[in-house]
Amino acid sequence: MRLFLFLFLLPALALGQAPTPPRPTYCNPLDLDYGYTPFPEFSTAGRHRATADPVITLFQGKYYLFSTNQRGYWWSNDLAGWHFLERTFLKPENKVLDDLCAPAVVALHDTLLVIGSSHNPNFALWMSTNPQANQWTKAVENFPVAAWDPDLFLDTDGKLYLYWGSSNEFPLYGQQISRKTFQPIGQPQAMFKLDDTRFGWQRFGEYLDNTFLGPFMEGAWMTKYQGKYYLQYGAPGTEFSGYADGVQVSDHPLGPWTPQPHNPFSYKPGGFIRGAGHGNTFQDKWGNWWHTSTMVINVKNNFERRLGLWPAGFDAQGTLYTTTAWGDYPHYLPTGPADHQQGQFTGWMLLNYGRPVQASSTLGGHVPNLAVDESIKTYWSAATASPGEYFQTDLGSVCTVRAVQINYADQDVNPQFLGRQAGLYHQYKLYHSLDGKTWQLLVDKSRNKTDVPHDYLALKTPLRTRYLKLENVHMPTGKFALSGLRVFGLGSGARPAAVQDFVVLRTAADKRSAWLRWAPVDGAYAYNIYTGLAPDKLYSCLMVHEANEYYFKGMDKDLPYYFTIEAINENGVSARTPVSKAE
C-alpha cells in the first residue's frame with residue numbers, strides 16, 4: 001500500500017519540484033537607462049532625461065531599439081532585459097546635437113540600415129551585419145535626401161522606399177530609393193496631410209482646441225499586411241496627452257491613400273503616463289504584432305518624454321489596432337502566439353492610489369501624496385539624496401502584492417548632465433510590513449550598479465502585506481524623488497459595482513466631440529471608457545480618475561461611435577455597461 005501511494009504521488013512530487021515558471025511581465029514606461037537631453041536651452045527648468053520616436057526591429061533573433069538622441073541603442077533577447085551600446089551616428093562635420101533623432105531603421109536581409117533626421121544631405125547612412133557587437137560602417141557617406149522623421153521601408157518585391165515629414169504645414173512625403181546606390185529614384189511625392197476639421201483627435205493642444213498653432217504630422221512608419229500598405233503617422237503634438245498614431249491605407253506604396261476608419265489606432269490620453277504617438281509597428285519572434293511609441297511627461301520641457309510598448313495587430317477585416325487599455329499597468333511579454341485583441345494585461349490592479357503615505361522629509365511643494373496620485377507629471381522629493389531617506393505607502397488593508405514599479409523623478413540634477421552620462425546607478429532597499437511597525441526586507445538593491453529610472457519588480461511569489469517602504473541608498477544625481485511608487489496585485493475587498501446612468505451627449509454643433517457623464521460608483525477610483533466604430537471593435541480606451549465626466553474630442557465627425565464603461569478599484573473591475581451608440 002505504501003509503495004502504491006509513493007508511485008501515485010511521484011508525478012505530483014516531480015511537478016512540485018519543477019513548477020511552471022511565471023510568465024514574464026513589463027510595465028510602461030519602459031525601464032531603460034534613458035540619457036539626458038543634450039540641449040541646454042531645453043533644460044533651463046532643470047536637467048532631465050528625455051527620448052522619443054522609438055523603433056524596435058527584430059533582426060537576427062534579437063530585438064534592437066533605437067530612439068532619439070541616446071548616442072547609442074539597445075538590444076534585447078526578450079523585450080524585457082535591454083542592453084545599451086554606446087555609439088555616435090554623427091560624422092565630425094555634422095555640427096549638431098541631434099544624434100540619431102527620430103531614426104529610420106530597416107533590415108535588408110543580413111544588413112541593418114540606420115539613419116537619423118537631417119535638414120542637410122551630408123549625413124551618413126549606416127549599416128551593420130552585427131549590431132550586437134556594435135560594428136557599423138557607412139553604406140553611403142552622404143545620404144542625398146535631407147529627411148526629418150525618416151522611415152525606410154523594404155517592400156516584398158525588393159524595392160526600397162523612404163517616407164518622411166514633420167510639419168504643421170506640409171504633408172508626409174514618399175520616394176523610392178535605389179537598393180544598390182541608395183540614391184533617390186524620381187521625385188518626392190506628397191502622401192497626405194492632416195484634416196482636423198473632420199478628425200477631432202488631430203486638433204493641436206492639450207485640450208484639442210487648436211491653441212496658437214495648427215497640428216503637426218510627423219513620424220512616418222510603413223507596414224505591409226496582406227497586400228495592403230499601412231502608412232502610419234503621429235499627431236497632433238508630441239507634448240500632449242492626446243499624442244497618437246493614425247494610419248492611412250493603400251494598394252500601392254506611394255498611394256493614393258484612404259484613412260482607416262478606426263483612427264487614431266494608437267491612443268492613450270489617460271492614466272499615469274499618457275500619449276502613444278510616433279513609434280513603429282513590428283512583429284516578435286512568434287509573429288505577434290506590437291506597437292512602440294512616445295509617452296509624454298512635459299514638465300521641465302515639452303520634449304521631456306519616455307517610451308511605451310503595446311500589444312497590436314490586425315483584425316479579421318484588416319483593421320490595424322493597438323491595445324492601450326491598462327497601458328501603464330503590468331502586461332505579459334510574449335512567450336508564444338497570443339491574441340492581442342484581448343490585450344496582455346495581467347489583471348494586477350493598482351493597490352495604493354491615493355492611499356496614506358509617509359516620508360522622511362519633503363522638499364518644498366513636492367509633497368508625499370504626489371507619489372501616489374497616478375500622474376507622472378507630479379512628484380514627491382526628499383530634501384536630500386542621503387542614504388536613509390525613505391518613502392512609505394499604506395495599501396489600506398492586507399493585499400496580495402504581485403509587482404512594484406519605482407518611478408524616479410529628476411530633481412536638482414547635476415547641471416553638467418547634458419546627453420548620455422556614464423556610470424549612473426540607483427541603489428535602494430524595499431521593505432514590507434503587515435502592521436507598519438515590524439519590517440521585513442523584500443528587495444535589496446543596495447549593491448546595484450545599473451541605471452533604473454523606472455525600475456519594475458515582478459515578485460516571483462505573491463506577497464500578502466499592507467505597508468511598503470522604499471529606503472534610498474544611492475541616487476545617480478539630484479534629490480531622492482519619486483513620481484510614482486506604484487504597487488500592483490489584488491486587494492482583499494469587493495470589486496466595484498457596475499456604472500449607472502452612463503450618457504454620451506454628441507450634438508450636431510461639433511460631432512468631433514462628446515460629453516460623457518455617469519453616476520459615481522462608491523469605492524471606485526477610476527473608470528475605463530471603451531469606444532470604437534462597432535460594438536465588437538471598441539479598440540480605444542480612455543482611463544479617467546476621480547471624475548464622473550469626460551470630454552471626448554477625438555472622433556471622426558462623419559462616423560457613429562459606440563461606448564461602454566467599467567469601474568475600477570484595487571479589488572478588480574466591474575461589469576461593463578451595455579454598449580451604447582452615439583450618432
Of all residues at least two apart in sequence or in a different chain, which pass the salt bridge (Lys or Arg N to Asp or Glu O under 4.0 Å) check with [X]?
X: Asp412; answer: Lys479
X: Glu239; answer: none
X: Arg495; answer: none
X: Asp558; answer: Arg198

Beyond-backbone contact of Asn288 with Trp290, side-chain heavy atoms, under 4.5 angstrom: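 They are in side-chain contact.
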Heavy-atom side-chain contact between Tyr525 and Glu374 under 4.5 Å: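 No, their side chains stay 4.5 Å or more apart.
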Geometric cation-pi criterion Arg47 and Tyr36, 6.0 Å radius, 45° cone: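 Arg47 over Tyr36 ring: no.
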Arg486 NZ/CZ over Tyr329 ring centroid, <6.0 Å and within 45° of normal: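 Because its charged atom sits under 6.0 Å from the ring centre and within 45° of the axis, Arg486 does stack over Tyr329.
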Non-neighbouring partners of [X] that pass side chain to side chain donor-acceptor pair (under 3.5 Å), sequence neighbours left out:
X: Ser67; answer: Thr51
X: Arg274; answer: none
X: Tyr539; answer: Asp315, Gln341

Qualifying residues under ring pair (Phe, Tyr, Trp, His ring centres under 6.0 Å), relative to Tyr467, sequence neighbours excluded: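 So Tyr467 forms no ring pair (Phe, Tyr, Trp, His ring centres under 6.0 Å) with any residue.
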Partners meeting ring pair (Phe, Tyr, Trp, His ring centres under 6.0 Å) with Tyr230 (sequence neighbours left out):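 If we apply the ring pair (Phe, Tyr, Trp, His ring centres under 6.0 Å) test to Tyr230, skipping adjacent residues, the hits are Phe314.
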Identified side-chain contact (heavy atoms from CB on, under 4.5 Å) partner of Met295 from the options Leu307, Asn28, Leu309: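 The passing option is Asn28.
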Validation row, ring centre Trp201 to ring centre Phe552 under 6.0 Å: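 Ring-ring flag for Trp201/Phe552: false, centres at least 6.0 Å apart.
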Where at least one partner belongs to residues 341-356, residue pairs that pass salt bridge (Lys or Arg N to Asp or Glu O under 4.0 Å), sequence neighbours excluded: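 Every pair satisfying salt bridge (Lys or Arg N to Asp or Glu O under 4.0 Å) with a residue in residues 341-356: Arg355-Glu570.
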Qualifying salt bridge (Lys or Arg N to Asp or Glu O under 4.0 Å) pairs, either residue in residues 511-526, two or more places apart: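 For residues 511-526, and leaving out neighbouring residues, the salt bridge (Lys or Arg N to Asp or Glu O under 4.0 Å) pairs sorted by first residue read Asp510-Arg512, Arg517-Glu549.
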Pairs satisfying side chain to side chain donor-acceptor pair (under 3.5 Å), at least one member in residues 205-219, at least two apart: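 Output for this query lists Ser166-Glu218, Asp196-Asn210, Glu206-Ser241, Glu218-Tyr243.
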Under 3.5 Å donor-acceptor, Asp455 side chain and Ile406 backbone: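 Looks like no, no N/O pair under 3.5 Å.
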